[in-house]
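What follows is a single structure, written as structure tokens, with notes after it.
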Amino acid sequence: MSQQPHNFSAGPGILPREVIEQAAAAVLNFNNSGLSLIEVSHRGKDFVAVMDEARNVVRRLLKLDDSYEVLFLGGGASLQFAMVPFNLLSTSGHAAYLNTGVWAKKAIKEAKMLGKVTVVASSEAENFNHIPKDYIIPTDADYFHCTSNNTIYGTQMKAFPNSPVPMVCDMSSDIFSKPIDASKFGLIYAGAQKNMGPAGATLVVVKKDLLGKTDRKILSMLDYQVHIEGESMYNTPPVFPVYASMLTMQWVEKNGGLEGAEKRNNAKAELLYNEIDRNSLFKGTAAREDRSYMNVTFVMHDDSKEEAFNKLLKEANISGLKGHRSVGGFRASIYNAMPIESVQVLVDVMQHFEKTNG
Ligand SMILES: *Cc1c(COP(=O)(O)O)cnc(C)c1O
């Protein structure tokens with residue numbers, strides 16, 4: 001291929017090129033064994049070392065102490081919508097949820113099948129264009145669930161509440177994008193394919209003392225304790241996604257850790273939001289104070305010009321910018337691996353478009 005496209009895909013999303021190359025090499029020849037990463041036993045010492053390092057690099061990045069366990073599971077973040085209530089919601093209790101978008105709603109739907117749910121606040125009436133702030137988390141809830149970054153609507157929680165009950169967070173689309181205080185959370189989960197690796201693995205970080213309290217019988221594959229005891233290998237783990245996720249996390253670590261990622265992500269997001277605000281043809285869709293630094297959503301004042309803009313995007317080798325159908329317009333996903341040079345190319349196209357079509 002002549003030139004790498006500028007990949008703004010929302011998910012599966014962009015990964016560092018060097019990670020793609022290393023992962024591809026391991027599929028051909030894993031650790032100089034002559035065998036492929038995807039054709040050797042997950043219980044062999046080479047892959048056990050991968051799983052150990054994948055879990056350890058999560059510990060290092062999030063500065064986790066021994067009260068937390070780190071798991072890589074299958075099933076996507078969507079399976080966590082069910083696993084969380086299965087493990088943490090008692091049959092007579094209730095769980096508190098913050099409704100900030102489609103993913104939060106799906107999490108609520110699953111929890112309701114297993115017990116009582118209290119929705120503490122929702123921005124649904126405004127098409128999820130902001131994060132509700134003034135809500136009260138009931139002190140008798142079994143847990144409080146929130147979504148740190150709303151991939152579809154381009155909103156992001158800039159601060160987390162001081163929850164009186166264990167806080168559970170879906171961080172699928174902004175995990176490892178900036179430092180967080182992990183000790184505030186009882187459970188964190190993230191599907192790999194937005195900011196960490198290929199689809200097929202889901203990261204779960206869980207505080208051990210939350211487990212074993214529910215009065216419910218838990219199916220083995222849905223039981224965090226079973227996966228903890230199996231060291232994430234109760235059944236065959238998604239070997240390739242775990243390997244590539246490990247490489248991406250090591251790449252984050254090598255490039256200044258979460259502080260370095262935050263600096264780069266802030267610079268990219270500011271560059272793009274400044275242009276959206278300056279450019280007379282475009283406007284952002286999310287409330288300013290809640291704007292996501294991972295998924296930048298914007299529309300045109302005059303959407304009859306979309307086709308002409310799309311043509312320019314194509315000529316500039318920009319891909320994946322189409323907005324989600326529930327918001328329309330455009331969505332630029334600028335995950336960790338997105339270089340600022342690609343964001344600059346998009347900004348240049350927007351400026352050129354204003355000059356020629358304004
Ligand atoms: C993509 C996404 C999901 C769904 O992830 P799957 O791995 O496809 O199940 C859940 N939550 C958020 C915030 C997402 O961005």
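Worth knowing before you read on, the calculation uses all heavy atoms, side chains too, and leaves out hydrogens, waters and symmetry mates. Every value quoted in this text rests on a predicted model; they were computed, and no experiment measured them. Along the sequence shown, the residues carry numbers beginning at 1.
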Asn32 atom CG, neighbour heavy-atom count above 12 within 6.0 Å: no
Within 6.0 Å of NZ in Lys112, more than 12 heavy atoms from elsewhere: no
Once you measure the plane-to-plane angle for Phe81 and Trp103, does it fall in the parallel (<30°), tilted (30-60°) or perpendicular (>60°) bin? tilted
Look at Asp290 together with Lys133 and state whether they make a salt bridge at an N to O cut-off of under 4.0 Å. yes
Does Lys63 have more than 12 heavy atoms from other residues, nucleotides or ligands lying within 6.0 Å of its NZ? no
What's the spacing between Thr100 OG1 and His145 NE2 if we round to 0.5 Å? 9.0 Å
Would you mind telling me which of Asn149, Asp174, Thr151 makes a side chain to side chain donor-acceptor pair (under 3.5 Å) with Asn295? Asn149
Can you tell whether the side chains of Asp277 and Arg288 come within less than 4.0 Å, N to carboxylate O? yes
All pairs passing salt bridge (charged side-chain N to carboxylate O under 4.0 Å, His left out) where residues 244-263 contributes a residue, at least two apart: Glu18-Lys254, Arg60-Glu253
State, with a plain yes or no, whether a side-chain heavy atom of Phe298 is found less than 4.5 Å away from one of Lys283. no
Verify whether the ring centers belonging to Phe309 and Phe330 lie closer than 6.0 Å. yes
Once rounded to the nearest 0.5 Å, what's the spacing between atom CG of Leu346 and atom CD of Gln344? 9.5 Å
Within residues 316-334 or reaching into it, pairs that qualify as salt bridge (charged side-chain N to carboxylate O under 4.0 Å, His left out) - sequence neighbours excluded: none
Given the rule in the side-chain contact (heavy atoms from CB on, under 4.5 Å) test, do Val70 and Val204 qualify, once you have shown the distances and angles that lead to the verdict? CA-CA 6 Å; Val70 177; Val204 174; over 6 Å; no
